[in-house]
Amino acid sequence: MSDNIPGADVGLIGLAVMGRNLALNIADHGFKIAVFNRTTSVMREFVVENPDTPGQLIGCATLNELIGALRKPRVIIILVKAGAAVETVVDQLLAAGLERDDIVVDAGNSNWNDTIRREKQYADRLKFFGSGVSGGELGARFGPSLMPGGDPESWKHLAPIWEAVAAKVDPATGRPIPGAAPGKPVRGGIPCTAYLGPNGAGHYVKMVHNGIEYVDMQLISEAYDLLRRLTGLSPGELAAIFLQWNRTELDSYLIEITAAVLAQRDPARPRKFLVDGILDVAGQKGTGQWTAASALSMGIPANSIAEAVFARGMSALKEERVSAARKLKAPPAAKKTGRTGIEAIRHALYCSKICAYAQGFQLMRQACRQYNWNLDFGTIAGIWRGGCIIRARFLQKITEAYQRDANLVNLLLDPYFRKQIRAGQESWRRVVMLAAQQGIAVPAFMSALAYYDAYRSAVLPANLIQAQRDYFGAHTYERTDAPRGKFFHIDWPDPNRPQREV
Ligand code: 6PG
């Protein structure tokens, strides 16, 4: 199928949903793209089904054909399942004749440690580059958010393609520019992509994006649960509330799709809402866990991100929960609050969301130290304004916060966010109290509030922990009246030995 004339701008391996949509997006922007899929019939059908793309699609039945179709240095995007498959494909490409200056871009949801390792592993044979891609199927097709990381020289070759195919935001408002259609991509605007740093930086930022995505989704589900249980409104009525919320500072893709999800009737039982027919067991593919594990390993308090992952774990214990529900006593049933609580829940959601993002950015700050990266947080917030799953009006505010102060220690300290939390915190606390009183599990709301209260505490009870550690293990402690870094220990009395009265 290949015309075998070297000259394609880019190659793409892996024509599953994300791969085929990204390939069409690239072709829409006039690039000549050579495509390969392990199952050749999938590639053939794909090329036949899409005859009129502005840029040419060149179907390649073998990797040798793919390599032969590309101009040098070759750029090949691989969109295969994260894990061992990535190395298998790269090794096959090397065996098929890929050269040292050629660039292989792993655009899957790979673990950043794998990307760091692979860059080193292949360093003298090719240029291995990692790029996060967010936005699901439609994002890939009409404008994703792209988070590239690798060597800066390779980026020079990738930038024209990445900047063309990424989602675009309006320079004046920071809002996504809508309207891309097959063959008619959006032109102009600020692309939702930027070079983020060397080796695993792109995949790390994508992973944190997903960690935040997990909390965003968990917070919205908790808000939905509270609304439902406190007001007694139906999913259809709640859809209208989420639509209203989408006209406030909560305006975001996830709130928008929540409204659509809640309004959806069940095709199998048209009088019912589909959400009520969906089993309450959440799946996960691992990026949320990686984010929480990275936070744990670096000692960074990303507690709401971790809670969101644990909440999915708790949901998976369906049978245990059903059995425990019969045995573990709930508090006495309380009266519904009616519509009066709706606005308070909205405030609670917004304040919690601010804390979740503060945690994600704090985590990336620490990752800079750990991996010697120089991530630009204003840029990261900027490229999340469009295309990705967490795109939201609020990301313009984060972009502005880091433009005001590139070295902002924590998002909570930015004047805009301080003001927002000041305005919402009374409602936030009331909502969390109400949930506790009524026995409604809101782990993300509660952990976000705990994060806020701990972060604003000049004094925490960790002094007691230090004393206990010194007591049982002579682990030593620092004193409030001595310089930091000077450690003390005392011989603690044995509780089993009778003490002399003082
Ligand atoms: C995106 C998403 C995507 C992710 C899905 C599913 O940015 O487009 O983050 O990369 O794979 O959201 O993730 P889970 O299966 O772990 O929920």
Side-chain angles (χ1 to χ4, degrees), residues 14 16-22 25 77-83 85-86 105-112 114-115 130-149 162 165-167 176 192-194 196 200-221 252-258 260-261 278-295 302 304-316 356-357 360 363-364 380-392 395 444:
V17 178
M18 290 299 278
R20 55 203 300 140
N21 281 297
L22 192 61
N25 184 355
I77 301 170
I78 54 178
L79 260 159
V80 297
K81 198 169 180 307
V86 173
V105 185
D106 174 11
N109 264 336
S110 286
N111 185 293
W112 82 101
D114 288 340
T115 307
S131 179
V133 178
S134 177
E137 196 178 331
L138 279 180
R141 180 68 186 87
F142 298 115
S145 172
L146 298 171
M147 292 152 252
W162 261 238
V165 306
C192 292
T193 188
L196 297 177
H203 275 141
Y204 192 86
V205 171
K206 172 62 182 25
M207 176 199 75
V208 175
H209 164 283
N210 281 27
I212 293 175
E213 173 186 304
Y214 271 54
V215 202
D216 251 344
M217 293 168 78
Q218 177 64 25
L219 287 169
I220 293 173
S221 332
S252 62
Y253 171 71
L254 285 169
I255 293 280
E256 179 191 324
I257 65 163
T258 301
V261 164
I278 296 179
L279 189 73
D280 56 332
V281 174
Q284 52 181 318
K285 293 197 205 73
T287 46
Q289 285 176 12
W290 297 344
T291 317
S294 171
S304 307
I305 295 179
E307 281 296 353
V309 180
F310 291 141
R312 291 200 190 185
M314 180 62 91
S315 81
Y357 280 68
L363 183 56
M364 290 191 283
I380 293 171
I383 67 173
W384 286 349
R385 289 178 298 183
C388 63
I389 303 295
I390 63 171
R391 63 184 180 264
L395 278 155

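Counting convention: from 1, in listed order, for ligands and their atoms alike.
Near ligand 1, heavy-atom contacts under 4.0 Å come from Asn109, Ser134, Gly135, Gly136, Lys206, His209, Asn210, Glu213, Tyr214, Gln284, Lys285, Arg312, Ile389.
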Report, one line per pair, each donor and acceptor closer than 3.5 Å where one atom sits in a side chain of residues 212-220; sequence neighbours left out.
| from | atom 1 | to | atom 2 | distance (Å) |
| --- | --- | --- | --- | --- |
| Asp216 | OD1 | Lys353 | NZ | 3.3 |
| Asp216 | OD2 | Tyr357 | OH | 2.7 |
| Gln218 | NE2 | Glu222 | OE2 | 2.7 |

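The two atoms that bring Ala167 and Gly143 nearest to each other are CB-O, 3.3 Å, heavy atoms only.
Taking CD1 of Ile390 as the reference point, atom CG of Asn210 lies at 8.5 Å (rounded to 0.5 Å). For the atom pair Ser110 OG and Ile78 CD1, the distance stands at 7.5 Å (nearest 0.5 Å).
Tested against Leu146, the residues Leu196, Val105, Val133 include a single side-chain contact (heavy atoms from CB on, under 4.5 Å) partner, Val133.
Looking at Ser134, its side chain never comes within 3.5 Å of a backbone N or O of Ser145 through a donor-acceptor pair.
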